[in-house]
Amino acid sequence: MTTDAFTSVVGRFDGTRDEAERYDRADPLGFLRDRFVHAEPDLIYLDGNSLGRLPAATADFVADVVRDGWGRGLIRSWNDWIDWSGRIGDRLAAHVLGAGPGEVALSDSTTVNLYKLAWAALDLAPHRHALVVDADDFPTNRYVAQGLARQRGLSLRLVHSDLDRGMDLERLRAVLDDEVALVILSHVAYRSGALADMAAVNAMAREAGALVLWDLSHAAGAVPVRLTEDGADLAVGCTYKYLNGGPGSPAFLYVRRPLQRRLRQPVQGWFGQRDQFAMAADFDPVEGIDRFLTGTPPMLSTAALVPALGLVEEAGVDRLRAKGRLLGELAVDLAARWLASLGFRLASPEDPDGRGSHITLWHPEAWRICRALADEAGVVCDYREPDRLRIGPSPAYTRFTDVWDALDRTRRLVDSGRHTRLPREKARIT
Ligand SMILES: *Cc1c(COP(=O)(O)O)cnc(C)c1O
């Protein structure tokens with residue numbers, strides 16, 4: 001059991017709860033906590049990177065859209081709703097994604113958007129026959145890549161990144177050549193939290209003549225994303241993680257403006273059609289980002305995103321990043337003090353600049369510990385295969401004392417051995 005991986009942060013904190021309280025008092029984002037629902041005040045929720053908390057304003061906002069928009073306005077409400085995808089897309093572009101107006105739209109799920117943009121990008125390079133994906137990327141991304149490879153007769157090149165440290169640029173460089181049409185990559189790795197160097201990857205791919213399609217699901221709202229500045233061409237991502245849009249809220253997609261007119265997506269639906277309500281006989285994609293839309297958007301879950309996005313804008317991603325980084329450093333520091341001797345080790349990059357807002361700890365009993373924390377200690381975090389406990393203290397509503405208490409409860413639980421009484425079988429949803 002090495003404790004080496006922990007050493008980099010020791011010394012910054014003194015490890016007392018008083019200190020965590022001082023950080024809370026000095027927290028410029030402390031005011032945000034009350035803007036979220038805390039239905040169980042004693043529950044410590046460290047899973048905001050899987051499903052963000054419910055903002056306090058969301059229920060009424062959605063209820064208004066249901067009662068007034070749907071109930072009273074009926075079909076007439078579409079005159080307003082029809083623009084929401086673009087309006088919210090522009091707000092995401094400006095405040096979260098570092099992109100320009102008309103470059104981001106809300107649409108479908110991340111999985112579907114990944115497929116649409118990858119397909120369109122592959123059409124641009126018909127003489128290239130390879131698709132690159134991180135062997136350790138989030139499952140849906142690998143499955144979509146496998147499907148595309150099968151459907152289009154492409155070869156799939158896997159980059160074997162380090163489970164804990166993330167993508168190694170030299171390993172990526174080694175698979176890039178003039179056969180590669182597209183690289184699919186996550187900005188923040190879902191398991192370890194490793195942060196990929198977006199500018200460097202884009203430059204490397206461009207040199208090889210390939211496009212990169214970024215998945216920003218674990219990055220959006222947690223770390224500053226600079227799509228324009230970092231030379232990104234294509235991106236997709238979720239809005240229900242750090243953006244708190246609610247379960248299944250619509251995903252976003254980004255296409256750099258000069259590329260838009262050259263791309264045609266495979267799902268030719270009427271929301272991507274020029275002059276949609278002319279009901280023309282043949283598909284003719286509209287100019288601009290809307291050509292990547294498909295069918296009627298889910299307005300109730302789109303509505304749920306509106307108050308949530310307002311909170312992220314008010315906080316500012318730079319401030320969220322600064323706090324998220326510090327919460328992660330505190331978690332690593334306390335884990336080093338208390339948990340290393342109980343068999344844990346850090347399974348994330350040591351350098352806080354090299355990871356997003358979640359950290360991961362390895363332990364052979366991670367599954368049972370995760371279950372016992374939820375069932376008996378009031379701490380909700382994630383289990384991730386194989387043998388990892390993922391801790392995502394979302395900076396919008398997590399206090400430093402929450403992290404302190406969660407790590408304290410973890411050490412007590414593991415020290416007592418209570419988790420060993422649980423069955424080893426895994427649940428359907430981990
Ligand atoms: C959460 C997540 C997804 C989820 O995609 P859905 O289509 O919303 O289910 C996709 N990619 C990554 C990297 C994720 O973290």
Side-chain angles (χ1 to χ4, degrees), residues 3 6-49 52-56 193 221-223 242 244 311-312 314-342 344 346 348 350 352-353 355-361 369-370 372-374 376-382 389-416:
T3 55
F6 282 131
T7 52
S8 61
V9 292
V10 173
R12 170 164 199 154
F13 302 94
D14 66 20
T16 63
R17 197 172 190 286
D18 277 355
E19 180 189 47
E21 287 171 14
R22 281 201 302 279
Y23 274 100
D24 281 336
R25 281 196 297 274
D27 176 9
L29 295 182
F31 73 95
L32 271 182
R33 183 176 163 82
D34 289 340
R35 307 281 191 87
F36 288 86
V37 172
H38 301 275
E40 294 175 63
D42 291 335
L43 183 80
I44 303 179
Y45 188 64
L46 302 178
D47 219 346
N49 56 324
R53 272 191 186 276
L54 169 65
V223 296
Y242 290 102
N244 312 308
L311 294 180
V312 170
E314 191 177 342
V317 175
D318 287 337
R319 287 203 294 178
L320 289 166
R321 167 57 171 168
K323 181 178 174 190
R325 188 182 187 281
L326 204 50
L327 288 166
E329 283 183 276
L330 178 63
V332 172
D333 179 277
L334 296 176
R337 280 172 205 276
W338 301 336
L339 301 182
S341 59
L342 295 170
F344 287 86
L346 183 64
S348 292
E350 289 163 52
D353 286 333
R355 50 182 198 242
S357 263
H358 68 270
I359 65 146
T360 298
L361 300 174
I369 293 170
C370 185
L373 279 171
E376 298 175 29
V379 177
V380 173
C381 54
D382 261 333
L389 201 61
R390 193 174 68 170
I391 297 175
S394 179
Y397 44 74
T398 309
R399 296 171 298 202
F400 291 89
T401 41
D402 293 328
V403 168
W404 198 96
D405 291 341
L407 274 283
D408 181 49
R409 292 183 198 180
T410 305
R411 77 167 150 167
R412 287 171 198 277
L413 179 109
V414 177
D415 198 34
S416 75

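Predicted model only: the values in this text are computed from it and were never measured.
- To the nearest 0.5 Å, atoms CG (Leu334) and OG1 (Thr410) are separated by 10.0 Å.
- With sequence neighbours excluded, no residue forms a side chain to side chain donor-acceptor pair (under 3.5 Å) with Asp18.
- Using a 4.5 Å heavy-atom cutoff, the side chains of Trp338 and Phe344 are not in contact.
- Contacts of Asp34 classified as side-chain contact (heavy atoms from CB on, under 4.5 Å), with partners at least two apart in sequence or in another chain: none.
- Of the possible donor and acceptor atoms, one in the side chain of Asp24 sits under 3.5 Å from a partner among the backbone N and O of Thr401.
- Side-chain contact between Val414 and Leu339: absent, with no pair of heavy atoms (C-beta onward) separated by less than 4.5 Å.
- Considering only residues two or more places apart in sequence or on other chains, Leu54 meets the side-chain contact (heavy atoms from CB on, under 4.5 Å) condition with Val37, Thr58.
- Using a 4.5 Å heavy-atom cutoff, the side chains of Asp402 and Arg33 are in contact.
- Counting heavy atoms from C-beta outward, Leu320 and Asp318 have side chains that stay 4.5 Å or more apart.
- Without hydrogens or angle criteria, Arg319 side chain to Ala315 main chain gives a donor-acceptor distance under 3.5 Å.
- Contacts of Tyr23 classified as ring-ring contact (aromatic ring centres under 6.0 Å, His included), with partners at least two apart in sequence or in another chain: Phe13, Phe400.
- When the side chain to side chain donor-acceptor pair (under 3.5 Å) test is applied to Asp408, the partners found at least two apart in sequence or on another chain are Arg411, Arg412.
- Between Pro393 and His358 the shortest heavy-atom distance is CD-CA, 4.5 Å.
- Minimum heavy-atom separation, Pro55 to Leu311: CB-CD1, 3.8 Å.
- Taking Asp382 as the reference, Ser50, Arg390 meet the side chain to side chain donor-acceptor pair (under 3.5 Å) condition, with sequence neighbours excluded.
- Closest approach of Leu373 and Cys381 over heavy atoms only: CD1-SG, 4.1 Å.
- For the residue pair Leu389 and Cys370, the shortest heavy atom distance occurs at CD1-CB, 3.5 Å.
- Between Ser416 and Leu413, the closest heavy-atom pair is OG-O, 2.7 Å.
- Looking only at side-chain heavy atoms (C-beta outward), Leu46 and Ile44 come within less than 4.5 Å of each other.
- Residues Asn244 and Phe36 form a side-chain contact, since some pair of their non-hydrogen atoms from C-beta on lies under 4.5 Å apart.
- Listed by chain and number, the residues in a salt bridge (Lys or Arg N to Asp or Glu O under 4.0 Å) with Glu376 are Arg418 (sequence neighbours excluded).
- Here the side chains of Thr360 and Ile391 are not in contact, with every heavy-atom distance at 4.5 Å or above.
- Atom CG of Asn49 and atom CD1 of Ile359 lie 11.0 Å apart (nearest 0.5 Å).
- Not a single salt bridge (Lys or Arg N to Asp or Glu O under 4.0 Å) links Arg409 to another residue, sequence neighbours left out.
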Note to self: Applying salt bridge (charged side-chain N to carboxylate O under 4.0 Å, His left out) to Asp333 and Arg12, what does each step give before you reach the verdict?
What the structure shows: CA-CA 8 Å; Asp333 179 277; Arg12 170 164 199 154; over 6 Å; no
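- Pairs of residues two or more places apart, or lying in two chains, that qualify as salt bridge (charged side-chain N to carboxylate O under 4.0 Å, His left out) and include a residue from residues 35-45 are Arg35-Glu314.
- Using a distance-only test at 3.5 Å, with no hydrogens or angles considered, a donor-acceptor pair links the side chain of Trp404 to the main chain of Gly15.
- No side-chain donor-acceptor contact under 3.5 Å links Lys323 to the backbone of Pro28.
- For the atom pair Arg321 CZ and Ser357 OG, the distance stands at 6.0 Å (nearest 0.5 Å).
- You'll find the side chain of Pro395 reaches within 4.5 Å of the side chain of Tyr242, heavy atoms only.
- The salt bridge (Lys or Arg N to Asp or Glu O under 4.0 Å) search around Arg17 returns Glu21, Asp405, not counting sequence neighbours.
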